[in-house]
Amino acid sequence: MIQQYQLNYGWPQLFAGDPEEVVLTLRAQITGAAAMAAVSRWFSTLTPSELPSEAGWRYHGGASMFLHEPTGAEAILDIESQGQDAADSVAWYAQEVVEVVQGTTQDTSEVATVTWTELPPRSGSDR
């Protein structure tokens, strides 16, 4: 099942500090070989970070993404954004990921899943 991410404006409120400092990380768990490959191709089109401390991170618009090494039949993608518009940014890119995965299920008979986990909000200085 491909789960749509539901925008949650209450999520950043869990951060006790300055709203401009809050970093939200939305984690996608993706299954299905074709879906994982499609997400990897999409990820490769994003702008890579040039900072050594951010090796593997890619950026687009107001968010950064990190695609973890696949573990067997599952890929994990983190979508992060910081500041007052962080919830909107992660929701925007979550929808892009859903559309990428839905495209693979239309082209193949493979079953793909996407599930979302909101990680605890943190300070931008904690990365």
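This chain uses plain numbering: 1 for the first residue, then up along the sequence.
Under the rule for a side chain to side chain donor-acceptor pair (under 3.5 Å), the partners of Thr113 that lie at least two apart in sequence or sit in another chain are Thr31. In this view, Phe15 satisfies the ring pair (Phe, Tyr, Trp, His ring centres under 6.0 Å) rule with no residue, not counting sequence neighbours. For Thr115, the side chain to side chain donor-acceptor pair (under 3.5 Å) test picks out no residue, with sequence neighbours left out. For Val100, the side-chain contact (heavy atoms from CB on, under 4.5 Å) partners are Ala38, Val39, Trp42, not counting sequence neighbours. In this structure, Gln4 has no side chain to side chain donor-acceptor pair (under 3.5 Å) partners at least two apart in sequence or on a different chain. With sequence neighbours left out, Trp92 forms a side-chain contact (heavy atoms from CB on, under 4.5 Å) with Glu96. A search for side-chain contact (heavy atoms from CB on, under 4.5 Å) contacts involving Ala112 returns Ala35, Val101, Thr105, not counting sequence neighbours. A search for side-chain contact (heavy atoms from CB on, under 4.5 Å) contacts involving Asp85 returns Asp88, not counting sequence neighbours. Residues passing the side chain to side chain donor-acceptor pair (under 3.5 Å) test with Gln95 are Glu99, sequence neighbours excluded.
Contact of the Val114 side chain with the Tyr5 side chain is not registered, since no non-hydrogen atoms from C-beta on lie closer than 4.5 Å. Between Gln82 and Val22 the shortest side-chain heavy-atom distance does not fall below 4.5 Å. Side-chain contact between Leu77 and Phe43: present, with at least one pair of heavy atoms (C-beta onward) separated by less than 4.5 Å.
For the pair Ala75 and Leu67, the tightest heavy-atom approach, listed with the atom from each and the gap, is CB-CD1, 4.5 Å. Considering all non-hydrogen atoms of both residues, Pro12 and Leu24 come closest at CG-CD1, 3.7 Å. Of all the heavy atoms in Thr117 and Gln29, the pair that sits closest is OG1-OE1, 3.8 Å.
Rounded to the nearest 0.5 angstrom, Ser44 OG and Arg58 CZ are separated by 6.0 Å.
A continuous path of Ile, Leu, Val, Met, Phe, Trp and Tyr side chains, each step under 4.5 Å between heavy atoms, connects Val98 with Leu26, placing both in one hydrophobic cluster. Under the 4.5 Å side-chain heavy-atom criterion for Ile, Leu, Val, Met, Phe, Trp and Tyr, Ile76 and Met36 are members of distinct hydrophobic clusters.
Side-chain atoms of Ser81 come within 3.5 Å of backbone N or O of Gly62 as a donor-acceptor pair. In this structure a side-chain-to-backbone donor-acceptor pair under 3.5 Å is missing from Tyr93 to Met65. Although no hydrogens or angles enter the test, the distance criterion places a donor-acceptor pair under 3.5 Å between the side chain of Trp116 and the main chain of Gln3. The backbone N or O of Thr25 sits nowhere less than 3.5 Å from a side-chain atom of Glu118 that would complete a donor-acceptor pair.
Counting heavy atoms of neighbouring residues, nucleotides and ligands inside a 6.0 Å radius, atom CD of Glu50 does not exceed 12 of them.
Identified under the salt bridge (charged side-chain N to carboxylate O under 4.0 Å, His left out) test for residues 25-43, with sequence neighbours left out: Arg27-Asp78. Residue pairs satisfying the ring pair (Phe, Tyr, Trp, His ring centres under 6.0 Å) criterion with at least one member in residues 62-85, sequence neighbours excluded, are listed as follows: Trp57-Phe66, Phe66-His68.
When hydrophobic side chains of Ile, Leu, Val, Met, Phe, Trp and Tyr are connected at separations under 4.5 Å, Tyr9 ends up clustered with Leu7.
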